[in-house]
Amino acid sequence: MTREMEYAKCMVVLRKIVRLGMLTENEYVAARNKLMDKYLVINDFDHQAA
């Protein structure tokens, strides 16, 4: 499995856990940031530039 697919799978599982109410939004953000660091994902907050 490619690293991109591993990252996507982790994010899907993480978001499902949030929807089930097992994680707060703040815990989700912290976990997401750790995954982004692990998989070397760059977060682009400026969606207007594209």
Side-chain angles (χ1 to χ4, degrees):
M1 185 179 314
T2 65
R3 290 188 57 79
E4 292 88 358
M5 291 298 293
E6 287 179 33
Y7 172 73
K9 185 169 115 178
C10 288
M11 289 302 297
V12 167
V13 171
L14 183 62
R15 196 61 202 164
K16 179 155 184 143
I17 292 170
V18 171
R19 280 196 314 267
L20 292 173
M22 299 171 77
L23 279 179
T24 66
E25 198 66 30
N26 290 337
E27 292 169 328
Y28 164 74
V29 170
R32 182 189 68 192
N33 288 338
K34 285 183 182 182
L35 284 173
M36 290 174 69
D37 287 343
K38 179 180 178 182
Y39 289 99
L40 305 174
V41 175
I42 298 172
N43 195 0
D44 181 19
F45 289 110
D46 186 17
H47 300 293
Q48 298 295 331

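Applying the side chain to side chain contact (heavy atoms under 4.5 Å, CB included) rule to K16 yields the partners R19, L20; only residues at least two apart in sequence or on another chain are considered. Contacts of E25 classified as side chain to side chain contact (heavy atoms under 4.5 Å, CB included), with partners at least two apart in sequence or in another chain: R15, V18, Y28. Under the side chain to side chain contact (heavy atoms under 4.5 Å, CB included) criterion, L35 pairs with Y7, C10, M11, L14, Y39, not counting sequence neighbours.
The CZ atom of R32 sits 12.5 Å away from the CG atom of L23 when rounded to the nearest 0.5 Å. If you take NZ on K38 and CZ on R3, they are separated by 7.5 Å, rounding to the nearest 0.5 Å.
Under the 4.5 Å side-chain heavy-atom criterion for ILVMFWY residues, no single connected hydrophobic cluster contains both M36 and V12.
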